[in-house]
Amino acid sequence: MSPFLQLECVNKSYPGPKDAVWAVKDISLTVGTGEFVAVQGASGCGKTTLLLMAGVLLQPTGGRVILNGQNPYALPSGQQAQFRAQQVGFVFQQFHLVPYLNVLDNILAPTLALNRNGGVCDRALDLAERFGLTKRLRHVPAALSSGERQRVALARALLNQPKLLLADEPTGNLDEENGQLVVRCLAELARAGTAVLLVTHEPRIGDHADRVLKMKAGKIS
Amino acid sequence: MSLFRLVFREILHRKLSFLLGVISISVAVAGLVAALAVLQKHDARTGQILAAKEAETQQQMAKLEDDYRKVMLKLGFNVLILPKEQNLGDLYADDFASKYMPEEYATRLAKSRVATINHVLPSLQQKVKWPEFDRTVLLMGVRGEVYVQSAQQKPLLEAVKPGTMILGRELANNLALKVGNKTKLMGREFTVAKVNSARGNKDDITVWISLSEAQELLDKHGLINGILALDCTCDTVDRLGRIRPEIASILPDTQVIEYASQSLTRAEARQRAADEAQASIQREKEGRDKLRAERAALAAELVPGLMLASGIWIGLLALANVRDRRGEIGILRALGMSGQSILIIFLSKAIIMGLAGGCLGYLAGRMTGVMWHDVPGAPPIPMPFSDLKLLVLMLVAAPLLAALASWLPAMHAAQQDPAGVLREM
């Protein structure tokens, strides 16, 4: 299994009232192609910060992030955005769907970044079908259940066929059934060759992961 | 999926905010378009008023011209017959002719029965020193009228009896001479027979005596230097053109000029009327110009005020929009959209808002301008509803205003840290 994501001694601090607050401390982590890695930890332990750094959204204070053999933070910001659009998919606990776009348009939203339209609509419809959203294509997020919203978010994350999928508490707002559905889906994606990094505070989600890492106070134990 | 679709969907989603922005721009554009229309109508009305005034003046002048012609026909005019060699420049400079002609000319003229001349008055006039008073005066020797038709015709000017004099008012006052006083002129005694009323001209310093005595005093026996032909009547406006050949045929070595006649006075009055009419047009124009300047000044304060208020309002709406869409911006950035694309999304919305506001504002402003009645009771000034040039200008200016007002909030949106937003949510 070739490494797709490599975090080398990355750390991140935020300015505090007196001293800097260290959210992530010297974490080294590798996620291989087709590997499903779960990071478990309590709220506030630095999981989301770790995920954002891995997703080329948050520059580490120290250390290096290597994605597909490349350090994306060395790229100019415009190219960083393109790199992110091509390589990374995100799923969040709060879904973060665009409220005024219907299901189909939300799934198609990543095309705005890549200006890629050929065949993408068919792929969006396939994803909608795969996640049981075919009958909800014209509905806006407010008209969907939490499970449906997360499935839309998942479909959106997969539209550009990312090589790395980052999931931040994807089951946090879902019931047991929908939560299991999402986790199974992530496991399937990993089996299909996508590197999946999931952060969660729920211990049982780790059952589906290839590796489970524990995170506490910004460190992985 | 395109940026335009995203912008369009967002506009539909936040209709009220968009509508408020459009209304704000519409008000500013309508203010500008209406102000321009009002000024345009003002200019048209000014042109209309001045054209009417000028037409009215021309009509009055034409009527005066006609009256003048009638006056000439009915009242007649005066001519002065001078020796042919008399230089007119000298005459006007000295107030008397320096060349002389035989007194007999007056009789010859009267006897010729020139149909256009009713009264003939020979005179000898010269500026002299009144040695007894050490005073320069105009001495005028007159013999009374040489009757053209009969001795029964009513004379225009009475003769001055020998041994008497008639004085101009200023002269009499200055020398303290009254009717009945005896005085000496160049050693010869005269009785003041009359003091003329003030005329405001050289007559006020003139001494009239009989022609024969004047000839003796000036040593010009049998000579005169002018014949006044009074109350000439002609049936054409070109009076001199008619009378000159007639007189030339009788007195070939003379010349004829028009002499302060009633008709000249009428002509002067006519000129004064024309001047007054022109002054009236000028006053009207100045009044209209002043009103226009006041209206332009009001527009110059109102329109920028509206623009500024509209710009601030749109800026605030855009800022509120950016704050509302923080999460959306964060996720779009996470999906790989660049800051530049975020900027384009917000500016596109502002431009669409500007276009809509520009259109509506143009319609409202133009309608106001078209319906605006500048002078109650006056016929309305027609104004076409469409002005393509102005519409295009508004459709460029309004989106520009909206884009400028939204620029800072849009930049703020484009520079937002997506990680910060996603961590907060």
Side-chain angles (χ1 to χ4, degrees), chain A residues 12 14 23 44 46-49 51-53 55-59 76-102 104-117 120-121 124 140 142 153 156-157 159-160 162 166 168, chain B residues 1-19 21 317-318 320-349 352-353 410-425:
Chain A
K12 180 69 187 177
Y14 297 109
K47 303 187 299 291
T48 300
T49 299
L51 203 76
L52 293 173
M53 286 193 292
V56 201
L57 280 169
L58 187 63
Q59 173 108 36
S77 67
Q79 285 180 35
Q80 266 183 39
Q82 283 285 301
F83 184 87
R84 189 164 58 241
Q86 287 162 350
Q87 308 279 349
V88 186
F90 286 95
V91 181
F92 299 95
Q93 181 181 359
Q94 303 294 341
F95 323 126
H96 292 320
L97 299 178
V98 181
Y100 49 85
L101 295 181
N102 63 28
L104 184 61
D105 284 340
N106 261 297
I107 297 173
L108 285 167
T111 57
L112 289 170
L114 291 176
N115 295 321
R116 188 195 294 162
N117 286 316
V120 80
C121 198
V140 290
R156 180 182 65 187
L159 186 79
N160 283 339
L166 301 170
D168 185 4
Chain B
M1 185 65 179
S2 64
L3 277 182
F4 179 75
R5 186 174 170 81
L6 183 88
V7 172
F8 183 67
R9 288 278 174 198
E10 198 273 331
I11 287 171
L12 288 179
H13 182 66
R14 294 187 176 91
K15 288 187 273 292
L16 182 63
S17 160
F18 183 76
L19 200 64
L317 285 175
N321 192 234
V322 169
R323 291 177 71 86
D324 278 354
R325 297 170 72 183
R326 265 172 67 80
E328 180 195 329
I329 295 164
I331 192 61
L332 289 174
R333 293 297 304 276
L335 292 176
M337 195 177 270
S338 64
Q340 195 183 1
S341 298
I342 299 290
L343 188 72
I344 290 171
I345 287 173
F346 280 91
L347 290 183
S348 300
K349 183 181 175 183
I352 293 169
M353 192 185 278
M411 284 294 287
H412 176 59
Q415 287 169 357
Q416 268 187 21
D417 173 23
V421 174
L422 291 171
R423 273 193 307 117
E424 285 169 18
M425 297 181 76

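None of these values were measured; they are calculated from a predicted model. Here is the naming used below: chain letters follow the sequence lines, and residue numbers restart at 1 for every chain.
- Atom CZ of residue B:Arg9 and atom CG of residue A:Asn102 lie 6.0 Å apart, to the nearest 0.5 angstrom.
- One finds the OH atom of A:Tyr100 at 3.0 Å from the CD atom of B:Glu328 (value rounded to the nearest 0.5 Å).
- For B:Leu12, no part sits under 4.5 Å from any heavy atom of chain A, backbone or side chain.
- Looking at A:Leu52, the atoms closer than 4.5 Å to chain B (heavy atoms on both sides) all sit in the side chain, from C-beta outward.
- At most 12 non-hydrogen atoms from other residues, nucleotides or ligands lie less than 6.0 angstrom from CD of B:Gln340.
- Rounded to the nearest 0.5 angstrom, A:Leu112 CG and B:Leu6 CG are separated by 5.5 Å.
- When each of A:Val98, A:Thr49, A:Val140 is checked for heavy-atom pairs under 4.5 Å with chain B, A:Val98 comes out on top.
- Distance check: B:Arg5 CZ to A:Leu101 CG gives 8.0 Å after rounding to the nearest 0.5 Å.
- Rounding to the nearest 0.5 Å gives a distance of 12.0 Å between CD of A:Gln80 and OG of B:Ser338.
- The heavy-atom pair separating B:Ala334 from A:Phe92 by the smallest distance is CB-CZ, 4.5 Å.
- Side-chain atoms of A:Arg84 come within 3.5 Å of backbone N or O of B:Arg333 as a donor-acceptor pair.
- For B:Ile331, the part lying under 4.5 angstrom from a heavy atom of chain A is the side chain only.
- Put simply, the side chain of B:Leu335 reaches to within 4.5 Å of the side chain of A:Arg156, judged on heavy atoms.
- Neither the backbone nor the side chain of A:Phe83 comes within contact range of chain B; no heavy atom of the residue lies under 4.5 Å from a heavy atom of that chain.
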